[in-house]
Amino acid sequence: MDKYSLITKLVESELSAFTTLYKKSLQGHSPAFQSMIDYISEVDGKKIRPLLLLLTAKTCGQINQSTLDYALVLELVHNATLIHDDVIDNTKQRRGRYSVNAKYDNKTAVLVGDYILSIAIAKAVMTQSIPVLNIISNLALNLVDGELAQLINSNNVVISETYYFDVIRKKTAVLLSSCAQMGAMSANVDEATIEKFRLFGEHIGICFQIRDDIFDYYEQGEIGKPTGNDIREGKITLPLIYALEYAPENESKEMLQIIQNGDFTENNIDSLINFAKNNKGIEYAFHMMETYKQKAIDTLADFPETEAKKTLFNLVDYIIERKK
């Protein structure tokens with residue numbers, strides 16, 4: 001049995017209940033949107049975020065209906081933002097097939113994303129929980145803030161490790177931290193415990209994004225992402241940030257000139273990728289990913305060594321070791 005199957009086994013019935021709830025939430029809508037929503041719901045992903053939320057609740061003691069409801073809200077938010085992100089990044093493929101904007105068009109994709117986000121908000125209101133609504137509203141603010149900051153600064157060439165981590169906390173880590181936070185909330189634990197899981201989720205969210213960014217420096221293959229795609233869009237991620245800081249000055253100046261000029265020809269992208277690899281940018285990114293993994297583990301050091309906690313940590317390993 002592979003690692004993913006072992007992870008899902010502990011919450012198999014609950015994950016199945018979540019899947020049923022999720023699919024039901026995407027049925028019975030406006031005829032104008034239903035065929036498009038059906039296209040989105042046909043793909044069954046790895047469900048990393050619902051898994052995190054379910055395993056967090058299990059680690060805290062119990063999975064209940066609130067756990068499933070919270071998982072539904074966050075997965076809807078996640079999928080809405082993916083649709084919007086594909087428009088922003090002009091991504092043509094998602095999970096091995098046409099993205100919504102490629103199959104239809106950008107205007108349609110934005111509206112479908114808005115529609116799914118509206119479903120998420122309606123489901124959040126149905127929980128009748130002010131803390132849940134606070135988390136969802138803060139999540140939305142951070143997601144947009146992170147994307148907007150990255151979009152604006154793709155034209156201004158901000159190359160700073162501090163800035164990089166600030167952006168990925170907002171655009172990626174905040175969603176995983178919300179999953180862990182709301183998973184703990186659903187199990188009715190105290191505020192201190194909820195905060196520990198929020199921080200745990202943030203740390204593994206940072207790991208998730210660093211792993212995603214490393215993919216950009218390798219051949220597409222089974223990764224499902226074109227080599228140099230981030231660089232082509234003016235997104236300077238951790239491997240290149242590190243190389244620019246610590247490589248010989250003459251090399252760094254040459255690479256920085258390419259970035260500042262936005263001269264992203266295929267040859268120049270290859271040069272930037274090789275520059276990052278040759279100057280230990282990839283090694284540094286892996287090092288930072290392991291550092292944040294350890295921070296996540298340390299955050300839950302006081303929790304009993306249960307099967308649920310062990311499986312939760314296996315999920316962290318899976319996120320770091322995944323191939324796409």
Determine whether [X] and [Y] make a side-chain contact, defined as any pair of heavy atoms from C-beta on separated by less than 4.5 Å.
| X | Y | value |
| --- | --- | --- |
| Asn101 | Lys107 | no |
| Met36 | Thr108 | yes |
| Glu202 | Val174 | no |
| Lys47 | Tyr22 | no |

- Report the residues that fulfil ring-ring contact (aromatic ring centres under 6.0 Å, His included) with Tyr104, sequence neighbours left out, ordered by chain and then residue number.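 Testing Tyr104 for ring-ring contact (aromatic ring centres under 6.0 Å, His included), a comparison that skips the adjacent residues, returns none.
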
- Query: Can you name the ring-ring contact (aromatic ring centres under 6.0 Å, His included) partners of Tyr4, sequence neighbours left out?
  - Reply: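 So Tyr4 forms a ring-ring contact (aromatic ring centres under 6.0 Å, His included) with Tyr318.
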
To the nearest 0.5 angstrom, please state how far the [atom1] atom of [X] sits from the [atom2] atom of [Y].
| X | Y | atom1 | atom2 | result |
| --- | --- | --- | --- | --- |
| Leu176 | Arg169 | CG | CZ | 13.5 Å |
| Ile231 | Leu272 | CD1 | CG | 5.0 Å |
| Asp298 | Leu199 | CG | CG | 10.5 Å |
| Thr8 | Asp2 | OG1 | CG | 8.0 Å |
| Leu54 | Ile63 | CG | CD1 | 5.0 Å |
| Ile269 | Ile258 | CD1 | CD1 | 10.0 Å |

- Neighbour count above 12 (heavy atom, 6.0 Å) for Lys280 NZ: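 Atom NZ in Lys280 is not packed in, count stays at 12 or less.
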
- Please check if atom CD in Gln27 has more than 12 non-hydrogen atoms from other residues, nucleotides or ligands closer than 6.0 Å.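 Yes.
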
- Message: Show, in sequence, the C-alpha distance, side-chain angles and deciding distance for Val100 and Leu82, and conclude whether the side chain to side chain contact (heavy atoms under 4.5 Å, CB included) test is met.
- Response: CA-CA 10 Å; Val100 178; Leu82 285 184; over 6 Å; no

Grab the two heavy atoms, one from [X] and one from [Y], that are nearest each other, plus how far apart they are.
| X | Y | answer |
| --- | --- | --- |
| Ala109 | Ile83 | O-CG2, 3.1 Å |
| Ala243 | Asn279 | CB-CB, 3.9 Å |
| Phe200 | Ala296 | CD1-O, 3.2 Å |
| Leu68 | Leu21 | O-CD2, 3.7 Å |
| Ile168 | Ile210 | CD1-CG1, 4.4 Å |
| Leu139 | Val77 | CD2-CG1, 4.0 Å |

Does any donor atom in the side chain of [X] or [Y] lie under 3.5 Å from an acceptor atom in the other side chain?
| X | Y | answer |
| --- | --- | --- |
| Asn314 | Thr311 | no |
| Tyr284 | Glu161 | yes |
| Thr172 | Gln209 | yes |
| Ser66 | Ser186 | no |
| Asn64 | Thr67 | yes |

Quick check against the 3.5 Å criterion: does [X] have a side-chain atom that pairs as donor or acceptor with the backbone of [Y]?
| X | Y | result |
| --- | --- | --- |
| Asp166 | Thr162 | no |
| Lys277 | Tyr217 | yes |
| Thr56 | Gly183 | no |
| Ser252 | Glu249 | no |
| Thr291 | His287 | yes |
| Ser35 | Pro31 | no |
| Asp216 | Asn229 | yes |

Taking salt bridge (charged side-chain N to carboxylate O under 4.0 Å, His left out) as the definition, give me every residue that meets it alongside [X], ordered by chain and number, with sequence neighbours left out.
| X | result |
| --- | --- |
| Asp190 | none |
| Glu305 | Lys309 |
| Arg211 | none |
| Glu290 | none |

- May I ask you to establish whether Arg322 and Phe208 are in a cation-pi arrangement, using a distance under 6.0 Å from NZ or CZ to the six-membered ring centre and at most 45° from the ring axis?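 Yes, a cation-pi geometry.
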
- For residues 17-34, which residue pairs qualify under salt bridge (charged side-chain N to carboxylate O under 4.0 Å, His left out), counting only residues two or more places apart or in two chains?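 Found none.
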
- Message: Using the side chain to side chain contact (heavy atoms under 4.5 Å, CB included) definition, which of the options Asp69, Leu175, Asn79 pairs with Leu74?
- Response: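 Only one of Asp69, Leu175, Asn79 forms a side chain to side chain contact (heavy atoms under 4.5 Å, CB included) with Leu74, namely Leu175.
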
Taking only Lys NZ, Arg NE, NH1 and NH2, and the carboxylate oxygens of Asp or Glu, determine whether [X] and [Y] approach each other closer than 4.0 Å.
| X | Y | result |
| --- | --- | --- |
| Lys196 | Asp302 | yes |
| Lys171 | Glu147 | yes |
| Glu266 | Arg232 | yes |

- Message: Considering only residues two or more places apart or on different chains, which pairs with a residue in residues 167-188 satisfy ring pair (Phe, Tyr, Trp, His ring centres under 6.0 Å)?
- Response: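 Every pair satisfying ring pair (Phe, Tyr, Trp, His ring centres under 6.0 Å) with a residue in residues 167-188: there are none.
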
- Query: Which residue pairs satisfy the ring pair (Phe, Tyr, Trp, His ring centres under 6.0 Å) criterion with at least one member in residues 245-283, sequence neighbours excluded?
  - Reply: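 Of all non-adjacent pairs touching residues 245-283, those that pass ring pair (Phe, Tyr, Trp, His ring centres under 6.0 Å) are Tyr242-Tyr246.
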
- Task: Evaluate the salt bridge (charged side-chain N to carboxylate O under 4.0 Å, His left out) criterion for residues Glu14 and Lys58: first the C-alpha distance (whole Å), next the side-chain angles of each, then the deciding distance (0.1 Å), finally the verdict.
- Result: CA-CA 10 Å; Glu14 294 93 338; Lys58 192 90 166 176; 3.6 Å; yes

- Can you name the residues that form a side chain to side chain donor-acceptor pair (under 3.5 Å) with Asn138, not counting sequence neighbours?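 For Asn138 there are no side chain to side chain donor-acceptor pair (under 3.5 Å) partners, ignoring immediate neighbours.
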
- Message: Test of understanding: with side chain to side chain donor-acceptor pair (under 3.5 Å), list the residues that count as partners of Gln257, not counting sequence neighbours.
- Response: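 By the side chain to side chain donor-acceptor pair (under 3.5 Å) rule, Gln257 matches Asn261.
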
- Tell me whether the centres of the aromatic rings in Phe303 and Phe197 are closer together than 6.0 Å.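 They qualify: ring centres under 6.0 Å apart.
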
- Query: Using the benzene-type ring in the case of Trp, are the ring centres of Phe165 and Tyr292 under 6.0 Å apart?
  - Reply: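 When the ring centroids of Phe165 and Tyr292 are compared, they turn out to be within the sub-6.0 Å range.
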
- I would like to know whether Asp317 and Lys293 meet salt bridge (charged side-chain N to carboxylate O under 4.0 Å, His left out); could you show each step before the answer? CA-CA 8 Å; Asp317 288 336; Lys293 172 190 170 182; 2.8 Å; yes

Pairs under 3.5 angstrom only: tabulate donor-acceptor contacts from the side chains of residues 111-122 to other protein residues two or more places apart or in another chain.
from: Asp114; atom 1: OD1; to: His84; atom 2: NE2; distance (Å): 3.1
from: Tyr115; atom 1: OH; to: His29; atom 2: ND1; distance (Å): 3.4
from: Tyr115; atom 1: OH; to: Ser30; atom 2: N; distance (Å): 3.3
from: Ser118; atom 1: OG; to: Asp114; atom 2: O; distance (Å): 2.9

